[in-house]
Amino acid sequence: MDYNHKEIESRWQQYWRDHDTYRVTEDASRPKFYVLDMFPYPSGAGLHVGHPLGYIASDIFARYKRQKGFNVLHPMGYDAYGLPAEQYAIQTGQHPEKTTVQNIARYREQLDKIGFSFDWNREIRTCDPEYYKWTQWAFMQMFNHYYDTESGKAEPISKLVEHLRAHGTEGLHAAQSREVNLTAEEWNALSEREQRELLMNWRIAYQAETMVNWCAELGTVLANDEVSEGVSVRGGYPVEQKLMRQWCLRVSAYAQRLLSDLEKVEWSDSLKETQRNWIGRSEGAEMKFPVKDSDIELEIFTTRADTIFGVTFMVLAPESEYVAKLTTPEQKEAVEAYLDEVRHKTERERQMEKKVTGVFSGSYAINPLTGKEIPIWIADYVLAGYGTGAIMAVPAHDSRDYAFARKFGLPVIPLIEGADVSEESFDAKEGIMINSCGPELDLNGLQVKDAIAKTKKFIEEKGLGRVKVNYRLRDAIFSRQRYWGEPFPVYYKDGTAYLLDESALPLQLPEISSYLPTSTGEPPLGRAENWTTPEGYPLELCTMPGFAGSSAYYLRYMDPRNDKDLVSREADEYWRNVDLYVGGAEHATGHLIYSRFWNKFLFDLGKVVEEEPFRKLVNQGMIQGRSNFVYRIKDTNTFVSRSLKDQYQTTPIHVDVNMVSNDVLDLDRFKAWRPEYADAEFILEDGKYLCGYAVEKMSKSMFNVVNPDDIVERYGADTLRLYEMFLGPIEQSKPWDTNGIDGVNRFLRKLWNLFEKADLTSDKPMTPEERKAVHKLIKKVSQDIENFSFNTSVAAFMIAQNELSAMKTTNREVFDIMARLLAPFAPHFAEEIWHRLGHEGSVVDAEWPAWDDSALVEATKKYPVSFNGKMRYTIEMPADASKEEIEAAALAAEGAAKWLDGKQPKKVIVVPNKIVNIVI
RNA sequence: GCAGAAAUGGUGGAAUGGUAGACACGAGGGACUUAAAAUCCCUUGACCCUUACCGGUCGUGUGGGUUCGAGUCCCACUUUCUGUACCA
């Protein structure tokens, strides 16, 4: 019988369902291992072959770990809230939940066909009230806590209120939106409403008027990581800055911990670096510049305190609070005109133009070290959201200040010896200081580094400012003006936000008649009837953003049906955190920051035992599409083959990759594809029509989408799994090319054919050659899986198959081991062999075989032998070893390498005085 | 600009500092077959020598360096991809 993938795969998938093979429960007698995939957003388009890449890799690893004796948690679920379902709802009036449920069913069907070992008993959906109850619960905790900078963790807001009542803000150590100073008397004199308003300054989930990325097309605000180059990541609509009252999460309070704890996790350097840049720690100084003829002090942040003698002007961000205070009557008109201009520029225009613009405020600041007057300007190259929204400009040593100074004719004073600032600024932080001597401070002759330190010390001693660490990481905007998201457990009394009682959770989404904003511009929830508390107080109209539900989902998998807690203490203490997380690198500055923040917050509350959610993280590369083209000769219906196209004037046209095989076009299918091609003519080469190709994103419009269902139908899930792994290193992006798939399919068929002739009743031992081939494979595959190098494991299987076929192996034990090794990669195939060998139970619980190279170890005992990877053993000889000693070692090594009674080693290399290598 | 990763045959890609190109695709040749498909075998980095066998030379983006030995380590450069950007 030939290898029948359809029959085998459907039979074992049914078996796994019937036996609940992948159900996992906590088991203290076995070590745990938690393997997680980033859960998908179930889009209407279904899965294409790129999506399962990471799932297959993690599934292999999960199955391997299970065979190694670990209790493996490997769950799957759906990130079910999202824009596409809502936009579809707006267009069709269909409830987004309905679309979502349909899409999920389709995803599940596709996933099931690939043979994953997910424990579906633990499935979660972010839009399920039993799930989002805990998203809402976490929000309430954040509302009820503040970040204490002294204890370095979140503390109950009641503790802060007590402090305010007794001491005011005196001695208060709390992360805050802005600096507030008040006495206990002042606090106690405030009304409840005023007090609650003020507490927003410290809550971890708080409301604030913030500049938000407003996307008019989508009718909502977007987080910074949802915006790229001035347009929305989803949809590509323009985004502008707008001041709105929004819910925010004080992620910035955790900036230092998010940064430091990166050292605790096993992530790729590039991903860690991306997060470090996103957090953007910079050490500097905050300094106060007095303003001439005024008692206002202008506070700025700088990392280059040493350049204070080169300050020739100051710059305010247009949105800065100082602008109104420092604009003189004479300049008022000019400043207002400028502010108006800036306001009407979108973020995109601001980035595109890169034009140097600005206006003089009319005021002057006094350089505290020289007493000199310096003009204060307003310009949009300074950002309101970073530092204090004001800078001291040192044109000689900052390129942006330099461009500004040149444009407006402001002076440039070089401060570093040898720096030529006639053409451009000298931005490097090195060199010897000049022109830097004032009445109280002399930096001349110092290295930049020392000058920075000396200046910082000086300004701190003189009370001119203080040393300050700034982070680029901003608080996360947590409101979305949409329907399809988690409702906030919040109501308003006289416009002030109050939390619902915990007993009201989950607060479920109401039905509404239309998913558009209301005529008065309120979010869609404004249409809901009776969207109030029982007492009649209005409920919050915004919903939570996409990252709310995805921030703690890995915790919920540990204990998904618990209705008392997000996760029980027992389950959390057993599963702890994710040992291996597989997903795309595009979440580096979004989900992976928010999740870490969310987890740290719960850790502070004592709700979870691990401070970092994801111990090891692997980013799978993107699978791109490989598009095919035909070349139509201008003004004809004639198409010319690839290598002849340059002889004509042609237009390339995308053709559906499913009618192309090895770049050869199926002419009949092409003619049938579209009516206008029915009478198409072709100019062939070698009797074939060869299509051109290009690597592009996989999308419907390029006709390059390859559906995993089609591959499974034609070749089987095991072939798909093996082939996706065989394509190349998992981390690397690569185009999907169905051309090579025959190779791995052939491997399975050949192995099958070999197995069909096996002698299943005999228990004779393996021959030395068989032993060698099989143990070589065990070692290679075991090491490759640990290193996440699946493409080379698949190659190793093919080599073993070739060797065993050449030997015409019929030995039962060979196939017993092969089934175990193949089980993670081709589970259906392995299961079939496993059962035909007469085993009870699933191969997923078959013990992972160990390789045996004891003969070699024994024989080389007298030399320091290192077993470094692969099939190579190295004997390090002392540098002063004599020629005789080396020869003796080489002989011993050679003898040892007749490993497992097999044949001669492939190679023994002896380099005089150094090393003996044995390749087996 | 800054940061990270990468550059190896016609293609995807192998290679603990130790036979570069594993494995696979594609291509070419052959066997089987009425034929096709399927399957099996051989060749397949470039160049040279040879009737053939046997050989030889050059080869991992460019230029240097370390080493008995470099695709791999170090320095500089070029190009590509990814992320990020008036962050003071």
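Excluded from the calculations below are hydrogen atoms, water molecules and symmetry mates; all remaining heavy atoms, backbone and side chain alike, are included. Residue numbers begin at 1 in each chain, while the letters A, B, ... track the order of the sequences. In this text, all values refer to a predicted model and were calculated from it rather than measured experimentally.
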Exercise for the section: Please state the C1' separation for the pair B:G69 and B:G17 - nearest whole angstrom. Expected result: 8 Å
Practice task
May I ask you to verify if any side-chain N or O of A:Q732 is less than 4.0 angstrom from the OP1 or OP2 atom of B:G13?
Solution key: yes
Problem - N/O (side chain, A:R749) to phosphate O (OP1/OP2, B:U39) under 4.0 Å - result: yes
Problem - Any donor-acceptor pair under 3.5 Å from A:K757 side chain to A:K808 backbone - result: no
Handout entry: N or O in side chain of A:Y471 less than 4.0 angstrom from B:C87 OP1/OP2
Key = no
Practice task
Would you mind classifying the nucleic acid contact of A:N470 as base, sugar-phosphate or nothing, using non-hydrogen atoms under 4.0 angstrom?
Solution key: nothing
Problem - More than 12 heavy atoms from other groups under 6.0 Å of CD on A:E786 - result: yes
Handout entry: Nearest-Å distance for atom pair NZ/C1', residues A:K750 and B:A38
Key = 13 Å
Exercise for the section: Could you check whether A:R746 gets within reach of a base, just the sugar-phosphate, or nothing at all, counting any heavy atom under 4.0 Å? Expected result: sugar-phosphate
Exercise for the section: Could you work out which one of B:A14, B:G26, B:C23 sits closest to the side chain of A:P729? Expected result: B:A14
Handout entry: Candidate nucleotides B:C23, B:C86, B:U84, ranked by approach to the side chain of A:W278 - the nearest
Key = B:U84
Handout entry: A:S270 side-chain proximity, nearest of B:G83, B:G26, B:G4
Key = B:G4
Practice task
Select base, sugar-phosphate, or nothing to describe what A:D427 touches, counting heavy atoms under 4.0 Å on all strands.
Solution key: nothing
Problem - Same-atom distance (P) from B:G65 to B:A15, integer angstrom - result: 29 Å
Practice task
Send over the distance from A:L316 CG to B:A88 P, rounded to a whole Å.
Solution key: 18 Å
